[in-house]
Amino acid sequence: MHEPFLHRNIRGYVLTQWLGAGGMGEVYQAQHQFTRQTAAVKVLNRIDQVERFRNEAYVQSSVRHPNIAVLFEYAIENGIPCIVMEYVEGLTLERLIKRQGALPEQFVWKVLEQMVDAVAHLHANGIFHRDLKPANIKVTKESVVKLLDFGIAKAAYTPKLTQEGYIVGTSFYMAPEQFYSKGSVLSDCWALGVILYEMLTGQLPFDGRTETETRVRIERGDYMAPNLINPHISKKSKRLIEKLLQVNPKKRISAAALLSELRGETATNNLLHRLSVWVRNVF
Ligand SMILES: Nc1ncnc2c1ncn2[C@@H]1O[C@H](COP(=O)(O)OP(=O)(O)OP(=O)(O)O)[C@@H](O)[C@H]1O
């Protein structure tokens, strides 16, 4: 394994362990030489991705939420951009589902509520994540959820990162409208529906033998009823999946409305949520 930055010191953080490599760079676990604070350091290894990397840092630093990994700093070390962020222990939801298959419904609800809370917070701040998938979500031993990856998130100041017609996101989790470059924050809600289905059944709702077959199924909203795979799924979960996997984004439930529903709140509270967002924006 090639681990070019292992043992290096980046802004006082000594890189102690290689965690993995993503589309843009290598991620290491690190420890601060004086404070002993643990961090994760992402080192850019594709110079053509520098705009995207900066965007990731910009988006991640502009939000503060208990279910979103905190960015500590953006550093340039010997000309190489690095992101120093909160280290999140635990497993990605992807590993958890691969290991366990369908997850217990009570646990799924706990995970879902935290995911939706984080996504509603992003949306309230004008951020569209665009790449929600189990590999970008970590769950700790205490069942705390953290969103990790903001590489292709879109905020108001995000530069145009993709070429015209280039599809952004991972196709299994993509909403129908994203194939036509018409994605919006509601496309994140579709991805939440796919993730919810996967957590409850251990299977993807739209999984064709080819990319085209997957796309056709997504565009038709053609998925097997989740209770045919897992008969223990409650009616409430099934209804939520239906509300999220609506082909027409106008008919899809928003993250804020879903959060209220999960918390058993009323439409009044939904209004209060919108009011608190408005107040935050005034300040
Ligand atoms: N803050 C973090 N704390 C702990 N582990 C992390 C953190 N950020 C990333 N990782 C881990 O590092 C590895 C690489 O992450 P990275 O986000 O670069 O890639 P990816 O999600 O696999 O791919 P891509 O960026 O292309 O979607 C993954 O195993 C990921 O779980």
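Atoms within a ligand are numbered from 1 in the order they appear, just like the ligands themselves. For this chain, numbers begin at 1 and follow the sequence in order. Side-chain atoms are counted along with the backbone in the values below, which use heavy atoms only and exclude waters and symmetry mates. Owing to the predicted nature of the structure, the values given are computational and were not obtained by experimental measurement.
- Partner M115 forms a side-chain contact (heavy atoms from CB on, under 4.5 Å) with one of L259, D188, L93, L196 and no other, that one being L93.
- Between Y74 and the choices R11, Q60, R54, E56, the side-chain contact (heavy atoms from CB on, under 4.5 Å) rule is met once, by R54.
- Atom 14 (C) of ligand 1 has V27 CG2, 3.6 Å as its closest protein atom, hydrogens excluded (heavy atom only).
- A cation-pi arrangement, defined by a distance under 6.0 Å to the six-membered ring centre and an angle within 45 degrees of its axis, is absent between K42 and Y87.
- In terms of polar-atom proximity, K42 is counted as a contact of ligand 1, with an N or O under 3.5 Å from an N or O of the ligand.
- Close contacts of ligand 1 with T92, meaning ligand atoms under 4.0 Å from a residue heavy atom, involve 31 (O).
- When the heavy-atom distances from atom 17 (O) of ligand 1 to L148, L71, D149 are ranked, the shortest goes to D149.
- Taking every non-hydrogen atom of M85 and a distance limit under 4.0 Å, the qualifying atoms of ligand 1 come out as 1 (N), 8 (N).
- The backbone N or O of L91 lies less than 3.5 Å from no partner atom in the side chain of K138, so there is not a single donor-acceptor pair.
- If you check which protein heavy atom lies closest to atom 23 (O) of ligand 1, you get G22 CA, 3.4 Å.
- F107 and V116 fall within a single hydrophobic cluster, where Ile, Leu, Val, Met, Phe, Trp and Tyr are joined by side-chain heavy atoms under 4.5 Å apart, directly or via other members.
- Close approach to Y87 involves these atoms of ligand 1, each under 4.0 Å from a residue heavy atom: 3 (N), 4 (C).
- Looking at E26, K146, E86, K138, it is E86 that brings a heavy atom closest to atom 1 (N) of ligand 1.
- A donor-acceptor pair under 3.5 Å is absent between the side-chain atoms of Q29 and the main chain of Q17, judged by distance alone.
- Heavy-atom distances between E89 and ligand 1 stay at or above 4.0 Å for every pair.
- Scanning all protein heavy atoms for the shortest distance to atom 26 (O) of ligand 1 gives G23 N, 2.7 Å.
- Proximity of A40 to ligand 1, defined as any heavy-atom pair under 4.0 Å, is confined to the side chain (atoms from C-beta onward).
- Closest to atom 13 (C) of ligand 1 among all protein heavy atoms lies G20 CA, 3.9 Å.
- Under a cut-off of 6.0 angstrom, the local environment of CG in N78 is sparse, with at most 12 non-hydrogen atoms contributed by other residues, nucleotides or ligands.
- A cation-pi contact links R215 to Y180, judged by a cut-off of 6.0 Å to the six-membered ring centre and 45° from its axis.
- With respect to atom 29 (O) of ligand 1, the closest heavy atom belonging to the protein is L19 O, 4.0 Å.
- In this pair, F72 and Y13 present their aromatic rings parallel. The plane angle is below 30°, not in the 30 to 60° band.
- Taking a cut-off of under 4.0 Å to the non-hydrogen atoms of N136, the atoms of ligand 1 that pass are 21 (O).
- Distance check on atom 4 (C) of ligand 1: some protein heavy atom falls below the 4.0 Å cut-off.
- Among the atoms of V88, some N or O lies under 3.5 angstrom from an N or O of ligand 1.
- Centroid-to-centroid, the aromatic rings of F206 and F172 stay 6.0 Å apart or farther.
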